[in-house]
Amino acid sequence: MNDTKLNTGIGELFMSPNADEMRGFLRNKKKQMKNKLTTVAEAIDTYVNDGDYLAIGGFGGVRIPTALIHEIIRKEKKNLGFAGHVSTHDCQLLSAGKSFNRCDAAYIVGLEARGLSKNSRRMFESGNVKVTEWSNGALSWRFKAAAMGLPYLPSRVMLGTDTFKHSAAKEVECPFTGQKLAALPALYPDVAILHVHRADVYGNCQIDGILVADDDIAKASKRVIVTTEKIISNEEIRREPGKTVIPYWCVDAVIEMPFGSYPGNMPGEYFSDEEHLKDWLVAEKDEMQLEEFVGHHILSSKDFYEYLEKNGGMNKMKQLMQAEHLY
Amino acid sequence: MNDTKLNTGIGELFMSPNADEMRGFLRNKKKQMKNKLTTVAEAIDTYVNDGDYLAIGGFGGVRIPTALIHEIIRKEKKNLGFAGHVSTHDCQLLSAGKSFNRCDAAYIVGLEARGLSKNSRRMFESGNVKVTEWSNGALSWRFKAAAMGLPYLPSRVMLGTDTFKHSAAKEVECPFTGQKLAALPALYPDVAILHVHRADVYGNCQIDGILVADDDIAKASKRVIVTTEKIISNEEIRREPGKTVIPYWCVDAVIEMPFGSYPGNMPGEYFSDEEHLKDWLVAEKDEMQLEEFVGHHILSSKDFYEYLEKNGGMNKMKQLMQAEHLY
Amino acid sequence: METTYNPMELMITVAARNLEDGAMVVVGTGVPVAAAMLAQMTQSPNLTIMFEAGGIAPLLPTMPISVGDSRTTHKGLKATSMAEIMELCQAGVVDYCFLGGAQIDKYGNLNSTMIGDDYNKPKTRFPGSGGANDLASLCWRTMVVTPQNQKRFANKVDFITTPGFLEGGTSRVEAGLPANTGPYKVITDIGVYGYHEESKAMMLLSLHPGKTLEDVKANAEFDIIIPENYETTVEPSAEELRILREKVDPSGVIIGRG
Amino acid sequence: METTYNPMELMITVAARNLEDGAMVVVGTGVPVAAAMLAQMTQSPNLTIMFEAGGIAPLLPTMPISVGDSRTTHKGLKATSMAEIMELCQAGVVDYCFLGGAQIDKYGNLNSTMIGDDYNKPKTRFPGSGGANDLASLCWRTMVVTPQNQKRFANKVDFITTPGFLEGGTSRVEAGLPANTGPYKVITDIGVYGYHEESKAMMLLSLHPGKTLEDVKANAEFDIIIPENYETTVEPSAEELRILREKVDPSGVIIGRG
């Protein structure tokens, strides 16, 4: 197979896949187990800079760190890069904030069964966003390569397609079998924002249900901000070491933020607020209307609690908890 | 870096790393969820053939499938290949049975803090065993490559050493950074034997504490036999989907075998029987004595229950349970 | 009980019949999950349903809204990561996946990325691959369920998001994709299609009751192979319709689309 | 309280002092875990102890017998796989590892595989790498604790199981191993050694009380660099000895070896 032509994607590689650079960063990063409790505002101020490359946990409308994304919009962070790894409501939010100018896209502008986001499409059709294409698997494995301390992982996806052509992947040959594989460059984000079920003040985190890619994202990213439904004691973490998905040294900031994934679904806790998500779709039809909608819900809310209040507060949350438990 | 010489290990590659061969096997394998309860004797008869390449779960003296290994010796299975992935008491057992003739060695003949196994050394110094060298990480990643459906994984270990030289790894260059990496060929064993804490009759398994490499081994192997401390209902498995480490379709046979890791440690259940393990070391000093010892404990025991009885039965097990709980 | 059916009900029923007992299938929201649920409640009680976000073999209480929402792990056998689902597909464990797209060509290549002729200035931007490229690359058989018309059945898709048989013949394997994988069936509101064994071009397998070869031709830009023998699609049975309407989609979210 | 000490107690104490607070260390059974426990009970309460089999940050009730036994996850922060531990090392998270071996050469290369000159007919077969090769390749600093004699401190090890600085100079990086990693200190019953900045050859850092340069030389086949200035090892304090004897190893399993 040695005369086979090996193709290379023409998409831009936004972040260096060099594992040694991340090693150098981690060597100098303080890894002590210390109390990392802070506020949403403080965490976004401290750890998210204009131009940073951002990774978001969860799955678009499931276990997303909504409170942190709102703060990114409120603080008018700009020119972010971001990993569109099944990005649905989070993509809507960042598009509403015009927060990014480049994107590794696996799934963007769509809202799964809910349809398509008109405003996310405007953002991506504006010509102001550089896009490199990937598949969900490819982006997952790019995070995993980084989490494993590797510059790349081989895979068998994207081969032969325009998705590959507009990616930054490279074809390689297996040194053992000679078969063609798609090498996926490791993705080391500057900052990750995640929402989890439980964490202690040091950042040891537990997640119920699917992990999506949060464990790998936490290890792959230089800085990690975690909101958690609930702070639990370190003693409780130590009761079930097998349940710790993200260990403390990955985490820079911890914020207790009940209903922090609203209007998304938090597995085992509360279901998504489909009414409010429909309101988003309606508001997005018109740019002026969206501006007002975002102004009301996000910009003029001093914090996430106020946003929750505006959407029905505890009473509404109780309904979503009931919906989650199917009664 | 393009003029750098890329080295290749001279060790024998015992198993094909071709992912397509395993894909073909799995396509035809029946994957229905059916009752797979059987006996130790039946399972070894059905799924372990002379000459097979064998992977063993756990960590040498921790969560090992002792009952299954005893049966391999009783049934006089011969010419096995095996993955010496921190193989301590399991290596002692297979050496006592003279069961194998080739080994991917990461850690063999040693017993960690317990010393070295004289008889395992005899086996490996006999010239009758072909050995290829690896590190623990390398063997773990070889299983992981197979579990991921890949023919290889890159890594940064073994480079520059005789371990690499006597391995079957190959140096490759990262297509993105140009750096040298050690490509590790996927390892697809013929058969794996594992011991777990809980399983349902279909083979959905839960493991407490460290996984070592059992999850990857189960996915990498063509056939999988599982002994479990306890059979639980499928309903109980479904209560915590996040706890299922090995899913049913990987598993061919399930046997309920309480104390199935004895004289090894079963995390959270019982500690290792250090007295009996010392008896092994004493017996190994002399080949005749070892033959008698193995005859008494293994060959002449009709099953694993009889072996447990010979070593103190319930009373002894109770003591080991107490030792595990530190009182 | 009404035994006439709408095109959506027919497509879901036909899709469901393709999922044999004991198979493993990765599904998305909407038609695919409806088909898988119907299959499970009819001929394939041991069908293992998986979701790309990490849910494996749930006892689905209702249709999920997201392939990651908590319904996808409800009393499931395993809850894991997206990477692990794709790795299981890569390892060859998964028999079927179900996909759709804005465009499909005669080799089953799918476009869900963009409409337009300049990638950098898309006329319309769609979500992109999501897991579609992965699933179609790695699962054994790709099923497509889609309404059929000239725009969708395009001579050339604007962007190959997801591989079908690429340029037909052996090009898929030559590209490096796993052997013996690829498009299996396309189920539309007009008929059911497969692929020609050698050329890998789309071929009629069965025509839905009341549909004609004219409909097949008028609703595709490319020529669909019409073999000498093709079937007439077996209509949904009263029992299939009852289960679909009462148990799978009682609020008519999917089948209500007609 | 007896404040004289045996060589083992000295070696463990010296090793412990090298583990600063907040560091992360992968340890094996025996001396390494004893040193890490002593460090945690003295100057480094926030030392994170890890085991290659998967245990992270346990509250160790007693010394483990196996790096995989249940003590290694007792009230731990995480219990995971061997692969994940090695991946954390590969990612650059882990500061220290502790190794031993049957032989060590002047560049810190270690042999734990075999004695003899024919690989296929070893005079003595040892366990092999275990995790040693991985840890020494990937962790930032490799510490070796070992008794010192001519046989162990060999001119040429029979087999390089585990990389030190390979052939010295820049050869380690050229082999592809991560930059700025490698042997850090060797702690023996005679002294403490480091490595020369450029040649990467072993160099005396401090001599234990009562030991001489003659002892250093007589107990190594190769020449150890003796710099103009070297220290005298600070003896274990009464407090260190008390903790070591009463809390770390009350039954004297390790320190009893003298």
Side-chain angles (χ1 to χ4, degrees), chain A residues 17-35 143-153 186 188 199-207 211 215-216 218-222 224 232-251, chain D residues 19-25 40 43-51 53-61 68 70-96 134-135 137-141 173 176-182 184:
Chain A
N18 191 323
D20 280 322
E21 289 170 20
M22 185 63 168
R23 282 185 62 92
F25 176 87
L26 285 174
R27 183 177 198 179
N28 294 318
K29 185 168 178 173
K30 291 269 171 272
K31 293 182 283 277
Q32 272 96 335
M33 222 168 81
K34 60 174 189 196
N35 186 327
F143 288 130
K144 189 172 284 297
M148 291 174 78
L150 293 171
Y152 81 98
L153 271 177
Y188 293 96
D200 69 11
V201 298
Y202 309 110
N204 294 295
C205 302
Q206 298 180 346
I207 290 174
L211 299 179
D215 50 345
D216 290 328
K219 287 190 247 174
S221 303
K222 287 189 175 164
V224 176
I232 59 173
S233 68
N234 181 256
E235 203 175 25
E236 204 169 324
I237 290 284
R238 289 183 185 278
R239 223 168 273 148
E240 275 189 274
K243 268 188 110 159
T244 306
V245 170
I246 300 169
Y248 70 89
W249 65 79
C250 293
V251 176
Chain D
L19 301 171
E20 75 274 14
D21 200 31
M24 298 178 74
V25 58
Q40 228 178 24
Q43 86 280 0
S44 303
N46 289 306
L47 178 73
T48 296
I49 301 177
M50 304 165 76
F51 296 87
I56 298 179
L59 302 179
L60 284 167
S70 47
R71 274 56 169 146
T72 64
T73 53
H74 183 75
K75 298 186 185 174
L77 288 182
K78 190 164 161 73
T80 181
S81 65
M82 189 141 74
E84 189 174 356
I85 297 293
M86 297 312 184
E87 288 158 17
L88 291 169
C89 295
Q90 194 161 251
V93 170
V94 181
D95 301 290
Y96 297 98
D134 308 304
L135 299 172
S137 295
L138 304 173
C139 297
W140 290 104
R141 291 170 161 181
V173 176
L177 292 168
N180 302 314
T181 57
Y184 177 58

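To find a chain, count down the sequence lines: A is the first, B the second, and so on, and within it residues start at 1.
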Applying a strict 4.5 Å limit to non-hydrogen atoms, the region of A:Arg27 in contact with chain D is both
Answer key: most heavy-atom pairs under 4.5 Å with chain D among A:Ala147, A:Pro247, A:Cys250, A:Gly149 is A:Gly149
Counting heavy-atom pairs under 4.5 angstrom with chain A, the leader among D:Val93, D:Asn46, D:Asp21, D:Thr73 is D:Val93
Review point. Side chains of D:Ile56 and A:Pro241: does their closest heavy-atom pair fall under 4.5 Å?
Key: no
Interatomic distance, CG@A:Asp215 vs CD@D:Glu84, rounded to 0.5 Å, equals 7.5 Å
Checklist entry - Any side-chain heavy atom of D:Thr48 sitting closer than 4.5 Å to one from A:Met33? => result no
Max heavy-atom pairs within cutoff under 4.5 Å with chain A, candidates D:Ala179, D:Gly22, D:Gly55, D:Gly76, goes to D:Gly76
The interface call for A:Phe25 against chain D, heavy-atom contacts under 4.5 Å, is neither
Would you say that A:Lys219 contacts D:Leu88 through its side chain, given a criterion of any heavy-atom pair below 4.5 Å between the two side chains? yes
NZ of A:Lys29: more than 12 outside heavy atoms within 6.0 angstrom? yes
All heavy atoms of A:Met148 vs all of D:Gln90, minimum pair found to be O-NE2, 2.7 Å
Cut-off 4.5 Å, heavy atoms of chain A, and the answer for D:Asp95 is side chain
Exercise for review: Measure the shortest side-chain to side-chain distance between D:Thr80 and A:Thr244 over non-hydrogen atoms and say whether it is less than 4.5 angstrom.
Suggested key: no
Smallest heavy-atom separation, A:Val245 atom then D:Lys78 atom, equals O-NZ, 3.5 Å
A:Arg23 and D:Pro178 have their tightest heavy-atom pair at NE-CB, 3.5 Å
So, the part of D:Leu59 with a heavy atom under 4.5 Å from chain A: the answer is both
Turns out that what part of A:Ala220 lies under 4.5 Å from chain D's heavy atoms comes down to neither
Value for CD (A:Gln32) from CG (D:Leu47), rounded to nearest 0.5 Å, stands at 10.5 Å
